[in-house]
Amino acid sequence: MRLLIVAVGHRMPGWVDEAFGDFAKRMPRECAIELVEVKAEPRSGGKSAEQMMALEAERIRAALPPRARLVILDERGDDLTTKSLAQRLERWLGEGDDVALVIGGPDGLDPSLKQAAQEKIRLSSLTLPHAMVRVLLAEALYRAWSVTKNHPYHRE
Ligand SMILES: C[S@@+](CC[C@H](N)C(=O)[O-])C[C@H]1O[C@@H](n2cnc3c(N)ncnc32)[C@H](O)[C@@H]1O
């Protein structure tokens with residue numbers, strides 16, 4: 001299984017790359033996180049939010065591996081505890097299909113992607129900036145993995 005984070009936005013500030021990399025590099029090889037950055041549509045081009053999300057959705061679809069499980073990050077998605085994320089991670093690993101966790105850009109994700117998603121998850125009820133979401137998601141995945149292995153990173 002490949003575990004991909006497909007995120008709209010590239011050329012992130014250094015602190016984002018550093019924080020993401022710090023958690024990503026802790027993941028073991030069998031559960032490695034791959035970051036795939038998708039270019040955000042320039043916000044200065046006079047396009048509507050709907051048009052920009054549709055163009056970003058085309059790029060996201062092009063970045064998805066064939067037959068990947070599509071999981072979108074959305075503030076209106078399912079609430080997860082660390083334990084339930086750990087259970088999902090175990091299920092994903094057991095099923096063996098690639099998993100693409102998709103993070104939208106400044107305007108969010110196109111409705112077509114939301115409809116196509118097998119799972120929708122949220123990290124919080126708050127609207128989070130997309131740069132922060134990849135960092136929080138990498139930490140949450142590392143924490144979830146540590147739960148599955150009784151690793152001391154996660155404490156009850
Ligand atoms: C700035 S937010 C977009 C907000 C937009 N108004 C919307 O309705 O989605 C950018 C992206 O970050 C992710 N995101 C933001 N808050 C989130 C949360 N609480 N949980 C999970 N993902 C979140 C989503 O993938 C979203 O598309």
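Just so you know, ligand 1 is whichever comes first in the structure, and atom 1 is the first atom listed for that ligand. All values derive from a computational prediction rather than experimental measurement.
Using a heavy-atom distance under 4.0 Å as the criterion, the protein contacts of ligand 1 are L73, D74, E75, R76, I103, G104, G105, P106, D107, G108, L109, I121, R122, L123, S124, L126, T127, L128, H130, V133.
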Enumerate, atom names and distances included, each donor-acceptor pair closer than 3.5 Å involving a side-chain atom of residues 94-110, sequence neighbours excluded.
{"residue": "D98", "atom": "OD1", "partner": "R2", "partner atom": "N", "Å": "2.8"}
{"residue": "D107", "atom": "OD2", "partner": "R43", "partner atom": "NE", "Å": "3.1"}
{"residue": "D107", "atom": "OD2", "partner": "R43", "partner atom": "NH2", "Å": "2.6"}
{"residue": "D110", "atom": "OD2", "partner": "S112", "partner atom": "N", "Å": "3.2"}
{"residue": "D110", "atom": "OD2", "partner": "S112", "partner atom": "OG", "Å": "2.5"}

Anything under 3.5 Å between a donor and an acceptor, one on a side chain of residues 64-71, the other on a protein residue two or more places apart or in another chain? List them.
{"residue": "R69", "atom": "NH1", "partner": "E119", "partner atom": "OE2", "Å": "2.6"}

Exercise. Carefully, step by step, assess D79 and R122 under the rule side chain to side chain contact (heavy atoms under 4.5 Å, CB included).
Key: CA-CA 6 Å; D79 257 329; R122 74 166 158 206; 3.0 Å; yes

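Between I33 and the options F20, F23, W145, a side chain to side chain contact (heavy atoms under 4.5 Å, CB included) holds for only F20.
Between the side chains of E90 and T148, no donor N or O sits under 3.5 Å from an acceptor N or O.
Sorted by first then second residue, the side-chain hydrogen bond (donor to acceptor under 3.5 Å, both in side chains) pairs that include residues 4-24, not counting sequence neighbours, are D22-R26.
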